[in-house]
Engineer: 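Can you read through this structure? Questions will come right after.
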There are 2 protein chains.
Amino acid sequence: MVVLTDMEYRALEHLEQRERHLRRGVTLQRENDRVGEMFVLRSGRMMSSVLLDDGSRQILRIHSAGDLLAVSNLIYDNAPETITALSDCTVAPFERAALSALLVAHPRLAALILVYNQIERAALTDRLAALGRTSAKARVAAILIEMRNRARMLDKSVGDSFVLGLTQEEIGDATGLTAVHVNRMLRQLEDEGLIAREAGRVRFRDERALARSSNFVDRYEKLDLGWLPESRG
Amino acid sequence: MVVLTDMEYRALEHLEQRERHLRRGVTLQRENDRVGEMFVLRSGRMMSSVLLDDGSRQILRIHSAGDLLAVSNLIYDNAPETITALSDCTVAPFERAALSALLVAHPRLAALILVYNQIERAALTDRLAALGRTSAKARVAAILIEMRNRARMLDKSVGDSFVLGLTQEEIGDATGLTAVHVNRMLRQLEDEGLIAREAGRVRFRDERALARSSNFVDRYEKLDLGWLPESRG
DNA sequence: CGCGGGTTTGAGCCTACTCAACAGATGTGG
DNA sequence: CCACATCTGTTGAGTAGGCTCAAACCCGCG
């Protein structure tokens, strides 16, 4: 999508020097933890979530390889969100100072971070609209499509059938529903012939109808990056 | 909160050269419009929203003076959201290229934009959690507190009593409720002695209890900006 | 073989929605 | 200055989508 120069590439490499491996289920940081680092997710899938004081959980975002994690630690000393591994993962931690230096040395990378933020913002506002204004079925359909597209971004060979990698409870926490109701909505989508479920995999049988019933918009498409500043090296 | 240097200050002034005045109700941009500009909101209050295809509306964010508007136009040619004036407003438009130049010339301002993005992200995720996991009453309470705090940021003299400046329909579209139910929730908060309503104004009678019933967190507090890069001039 | 995590299904309930009517306030044109 | 339209807020009655509680099932795993 954007070609980095050698210098920029090396700057990123430098940022990601260290590496940490996480097993599925491990939490990288817990809400309100005193934190200072940020992370690049190098492989695997993670999620960020918050706990409300009635004990319920809201999943804010599902992250996959290449995402920046915990960027909000840049400005808050106490983490505003919990970050947990959904699969085995590797992350590369880096310090505020490193990011700060990067911004100064590589304005074009600074701009790309801004771009990244805006994509994420768009995705968040889509979810906001979904939670506020769409039915349970639409929300479940939307998360299915989003997960498939994510999978495909990392592996072009992914087609109609893919491994969801989320429990129904997790889908519920992401969509603001109960696990029980998620189950019923999946069944309904299946009964209507929109999807099929087979041993941990989901297959789209009528993607068109699925998209129609979910208001889904792919925010990684149709980006315009012509305005990016010149690179320095 | 952060002291700008003369150079930085002048760079921002330059960005905000032009000015445009908007009457209440006017839309600055409509979803899917072909756009290229971004804006600084100089005075007044605006909102960004999306329309779903069943005709319902979700308000994504309420903006007040000082906010950056339509930053997502940076990366999308077609606006992902509608932006409308909630009161008479003035905005200062600027181009992608201007922002791009700013990032190169003033890395510390680039960092501040990043900071701004993260605050906004935190606010969005709070709302996401509210829509997904809290009751109607809690959501209404939360928006009241948020609006009061916003008003106070611009005018330190604002205390328990303030002008809400939103119709019940707008509150509904922001919280994912119907106007009718918003009305009932306001009445309930009033009956319970948490608020009083008097001619367009809201007064907090028990702010502690209001905050308790709403999970509200003020994301503009407790920022740590010690890591910001040195300014250049 | 028993255990635990995840899934499935049923029954009944409650929160928030829909529809509808009305009251006030504001504005507009005649 | 009145008649009328429009927008916002208020209240009631009935409905429904999604929740709770509970039980059973499936499957991989120690």
Side-chain angles (χ1 to χ4, degrees), chain A residues 23-26 52 54-59 84-87 130-144 163-192 195-202 213-214, chain B residues 23-26 52 54-59 84-87 130-144 163-192 195-202 213-214:
Chain A
R23 289 273 179 68
R24 149 143 189 123
V26 168
L52 307 218
D54 65 349
S56 63
R57 177 177 69 168
Q58 175 68 45
I59 294 179
T84 317
L86 283 170
S87 68
L131 291 203
R133 290 300 189 205
T134 74
S135 70
K137 193 162 74 170
R139 295 184 222 169
V140 171
I143 200 175
L144 291 181
V163 177
L164 185 49
L166 295 174
T167 66
Q168 294 180 1
E169 172 117 39
E170 285 159 351
I171 297 175
D173 286 344
T175 53
L177 302 169
T178 57
V180 171
H181 203 57
V182 167
N183 184 291
R184 289 195 233 269
M185 292 303 103
L186 287 172
R187 158 150 306 289
Q188 204 173 316
L189 289 172
E190 190 169 30
D191 290 348
E192 291 170 0
I195 64 171
R197 290 180 293 164
E198 33 207 28
R201 301 179 72 87
V202 173
S213 77
S214 77
Chain B
R23 290 273 178 68
R24 151 147 186 118
V26 169
L52 306 218
D54 65 350
S56 63
R57 178 176 67 168
Q58 175 68 45
I59 294 180
T84 317
L86 283 170
S87 67
L131 292 202
R133 291 301 190 204
T134 74
S135 69
K137 193 162 76 170
R139 294 184 224 169
V140 172
I143 201 175
L144 292 181
V163 178
L164 185 50
L166 295 174
T167 66
Q168 294 180 0
E169 173 117 36
E170 285 160 350
I171 298 176
D173 286 344
T175 53
L177 302 169
T178 57
V180 172
H181 204 57
V182 167
N183 183 293
R184 290 194 233 269
M185 293 300 103
L186 286 171
R187 158 150 308 290
Q188 204 174 316
L189 290 172
E190 191 169 32
D191 289 348
E192 291 169 0
I195 65 171
R197 288 180 295 163
E198 33 207 28
R201 302 180 70 85
V202 173
S213 78
S214 77

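Chain letters run A, B, ... following the sequence lines, proteins first and then strands; every chain starts at 1.
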Engineer: List in chain and number order the residues that pass side-chain hydrogen bond (donor to acceptor under 3.5 Å, both in side chains) with A:Ser135, two or more places apart in sequence or in another chain; answer none if no residue qualifies.
Structural biologist: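 Residues passing side-chain hydrogen bond (donor to acceptor under 3.5 Å, both in side chains) with A:Ser135: none at all.
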Engineer: From A:Leu144 CG over to A:Ser214 OG, what is the distance, rounded to the nearest 0.5 angstrom?
Structural biologist: 9.0 Å
Engineer: Would you check if the side chain of B:Arg133 reaches a backbone N or O of A:Arg57 as a donor-acceptor pair within less than 3.5 Å?
Structural biologist: yes
Engineer: Could I get the full list of salt bridge (Lys or Arg N to Asp or Glu O under 4.0 Å) partners for B:Arg197, not counting sequence neighbours?
Structural biologist: B:Glu190
Engineer: Within this structure, what is the NE2-to-P distance between A:His181 and C:dT15, rounded to whole angstrom?
Structural biologist: 17 Å
Engineer: Please list, chain by chain and in numerical order, all residues satisfying side chain to side chain contact (heavy atoms under 4.5 Å, CB included) with B:Ala174, sequence neighbours excluded.
Structural biologist: B:Ile59, B:Arg127, B:Ile143
Engineer: Where do A:Asp173 and A:Gln58 come nearest, in terms of heavy atoms and distance?
Structural biologist: O-NE2, 3.1 Å
Engineer: Using OP1 and OP2 only, check whether a side-chain N or O of A:Thr178 sits under 4.0 Å from D:dG18.
Structural biologist: no
Engineer: Can you pull out how bent the helix from C:dC1-D:dG30 to C:dG30-D:dC1 is, comparing the axes over its first five and last five pairs, to 10°?
Structural biologist: 30°
Engineer: Test of understanding: with side-chain hydrogen bond (donor to acceptor under 3.5 Å, both in side chains), list the residues that count as partners of A:Glu169, not counting sequence neighbours.
Structural biologist: none
Engineer: CG/A:Leu164 to CG/A:Leu166 distance, rounded to the nearest 0.5 angstrom?
Structural biologist: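 Going from CG on A:Leu164 over to CG on A:Leu166, the span is 4.5 Å.
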Engineer: What does B:Gly176 touch in the nucleic acid at a heavy-atom separation under 4.0 angstrom: a base, only the sugar-phosphate, or nothing?
Structural biologist: sugar-phosphate
Engineer: Apply side chain to side chain contact (heavy atoms under 4.5 Å, CB included) to B:Thr84 and list each qualifying residue two or more places apart in sequence or on a separate chain.
Structural biologist: B:Thr27, B:Met47, B:Thr82
Engineer: Measure the distance from CZ on A:Arg201 to P on C:dT7 and round it to the nearest whole Å.
Structural biologist: 16 Å
Engineer: Under 3.5 Å, sequence neighbours excluded: what are the donor-acceptor pairs made by side chains of residues 178-187 of chain B?
Structural biologist:
{"residue": "B:Thr178", "atom": "OG1", "partner": "B:His181", "partner atom": "N", "Å": "3.3"}
{"residue": "B:Asn183", "atom": "ND2", "partner": "B:Gln168", "partner atom": "OE1", "Å": "3.0"}
{"residue": "B:Arg187", "atom": "NH1", "partner": "B:Asp191", "partner atom": "OD1", "Å": "3.4"}

Engineer: With the criterion being N/O to N/O and under 3.5 Å, what pairs connect the protein with nucleotides 26-30 of chain D, and how long is each?
Structural biologist:
none

Engineer: Heavy atoms under 4.0 Å, any strand shown: does A:Gly172 hit a base, just sugar-phosphate, or nothing?
Structural biologist: nothing
Engineer: Starting at CE of A:Met185 and ending at C1' of D:dA16, how long is that distance when rounded to a whole Å?
Structural biologist: 12 Å
Engineer: Are A:Val140 and A:Gln188 close enough that some pair of their side-chain heavy atoms sits under 4.5 Å apart?
Structural biologist: no
Engineer: Which pair of heavy atoms, one from A:Lys137 and one from A:Leu189, lies closest together, and at what distance?
Structural biologist: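 In terms of heavy atoms, the two residues are closest at CG-CD2, 3.8 Å.
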Engineer: Holding to side chain to side chain contact (heavy atoms under 4.5 Å, CB included), I want the full list of residues that pass it with B:Val163, two or more places apart in sequence or in another chain.
Structural biologist: B:Arg201
Engineer: For a quick check, with a 4.0 angstrom heavy-atom cut-off, what is the B/S/- contact string for nucleotides 21-28 of chain C, read 5' to 3'?
Structural biologist: --------
Engineer: Which parts of residues 131-143 of chain A get close to DNA chain D, meaning a heavy atom less than 4.0 angstrom away?
Structural biologist: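 Contacting residues: A:Ser135, A:Ala136.
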Engineer: For A:Ala130 versus A:Thr134, what's the shortest heavy-atom pair and its separation?
Structural biologist: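 Closest approach of A:Ala130 to A:Thr134, heavy atoms only: O-OG1, 2.8 Å.
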Engineer: Measure from the side-chain N and O atoms of B:Thr175 to the backbone N and O of B:Ile171, and report whether any donor-acceptor pair falls under 3.5 Å.
Structural biologist: yes
Engineer: Under 3.5 Å, which protein N or O atoms sit close to an N or O of nucleotides 7-11 of chain D? Give each pair with its distance.
Structural biologist:
{"residue": "D:dG9", "atom": "OP2", "partner": "B:Gln168", "partner atom": "N", "Å": "2.7"}
{"residue": "D:dT10", "atom": "OP2", "partner": "B:Gln168", "partner atom": "NE2", "Å": "2.7"}
{"residue": "D:dT10", "atom": "OP2", "partner": "B:Asn183", "partner atom": "ND2", "Å": "2.8"}
{"residue": "D:dT10", "atom": "OP2", "partner": "B:Arg197", "partner atom": "NH1", "Å": "3.0"}
{"residue": "D:dT10", "atom": "O5'", "partner": "B:Asn183", "partner atom": "ND2", "Å": "3.3"}
{"residue": "D:dT11", "atom": "OP2", "partner": "B:Arg187", "partner atom": "NE", "Å": "2.5"}
{"residue": "D:dT11", "atom": "OP2", "partner": "B:Arg187", "partner atom": "NH2", "Å": "3.2"}

